Amino acid sequence: MYKIFENFFLIMLSLLTVSIYSPVSYSAQDPTRPPSWMAESANVETRKEVLILQQILISKNRKIAVINDKVVSEGDMVKGAKVREINRDWVSIIRSGRRVTLKLVPTTKEYINE
């Protein structure tokens, strides 16, 4: 009989421990946490990744660019943005209905020997 109560006590203690340390109980207890409807809109804004133009190649037959390690051409999509135009020094994209221009930034460093 004592063994049954011991097992019951251990089960109840483990359930109580799990419920106390679960993420749901933490979020319910945090008074500084924004309401769920505000947290959803905040997450949408943070999902937009920074787009980095890495390379541009223009030849007679094609125009391609490398954005965030992905090879794209005009009309392709990258991270939720549509590539509108590829030029010699920049790429124009459309993201969330807004036109954005990505420019090539030189990555070579000049070392001076003194």
Side-chain angles (χ1 to χ4, degrees):
M1 186 74 173
Y2 177 73
K3 189 71 170 171
I4 294 172
F5 287 119
E6 183 181 341
N7 288 340
F8 178 75
F9 178 73
L10 288 175
I11 291 171
M12 293 306 288
L13 184 63
S14 63
L15 288 173
L16 180 64
T17 304
V18 168
S19 67
I20 289 173
Y21 292 109
S22 72
V24 174
S25 65
Y26 276 130
S27 65
Q29 294 175 359
D30 185 4
T32 62
R33 186 180 178 116
S36 61
W37 60 270
M38 288 180 72
E40 289 287 327
S41 63
N43 289 341
V44 170
E45 293 300 318
T46 58
R47 288 185 197 148
K48 289 185 181 178
E49 287 190 37
V50 175
L51 296 176
I52 299 172
L53 176 61
Q54 297 165 310
Q55 293 180 353
I56 296 174
L57 172 69
I58 297 179
S59 67
K60 289 181 183 181
N61 301 331
R62 64 182 175 172
K63 293 181 181 181
I64 59 172
V66 178
I67 301 173
N68 289 18
D69 296 325
K70 182 179 178 186
V71 178
V72 294
S73 58
E74 292 176 347
D76 289 348
M77 297 290 289
V78 60
K79 303 288 182 185
K82 184 174 183 178
V83 179
R84 184 172 173 252
E85 182 181 355
I86 299 175
N87 200 326
R88 194 174 70 104
D89 297 320
W90 50 265
V91 173
S92 174
I93 63 167
I94 303 289
R95 180 185 248 183
S96 302
R98 300 177 76 181
R99 183 179 170 192
V100 179
T101 302
L102 305 175
K103 295 184 180 181
L104 261 179
V105 178
T107 57
T108 57
K109 296 180 180 178
E110 187 176 323
Y111 295 99
I112 301 172
N113 293 328
E114 293 183 12

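This one's a predicted model, so the numbers in the text were calculated from it and none came from an experiment.
Both V100 and V72 belong to a common hydrophobic cluster when Ile, Leu, Val, Met, Phe, Trp and Tyr are linked at side-chain heavy-atom distances under 4.5 angstrom. Residues I94 and V78 do not share a hydrophobic cluster, clusters being chains of Ile/Leu/Val/Met/Phe/Trp/Tyr side chains in contact below 4.5 Å. In terms of hydrophobic clustering, with Ile, Leu, Val, Met, Phe, Trp and Tyr side chains grouped at heavy-atom distances under 4.5 Å, L102 and L104 are assigned to a common cluster.
Put simply, NZ on K63 and OG on S73 are 11.0 Å apart, with the number rounded to the nearest 0.5 Å. Taken to the nearest 0.5 Å, the CD atom of Q54 stands 13.0 Å off from the NZ atom of K70. Between the CD1 atom of I93 and the CZ atom of R84 there is a distance of 11.5 Å, given to the nearest 0.5 Å. Annotation: the span from S92 atom OG to E85 atom CD amounts to 6.0 Å, rounded to 0.5 Å. Taking CG of N68 as the reference point, atom CG of L51 lies at 5.0 Å (rounded to 0.5 Å). Annotation: the span from N87 atom CG to I56 atom CD1 amounts to 7.5 Å, rounded to 0.5 Å.
In terms of heavy atoms, W90 sits closest to T101 at CB-CG2, 3.7 Å. Here the shortest heavy-atom pairing between I86 and I58 reads O-CD1, 4.3 Å. Shown here for R95 and A81, the closest heavy-atom pair between the two residues is CB-CB, 4.0 Å.
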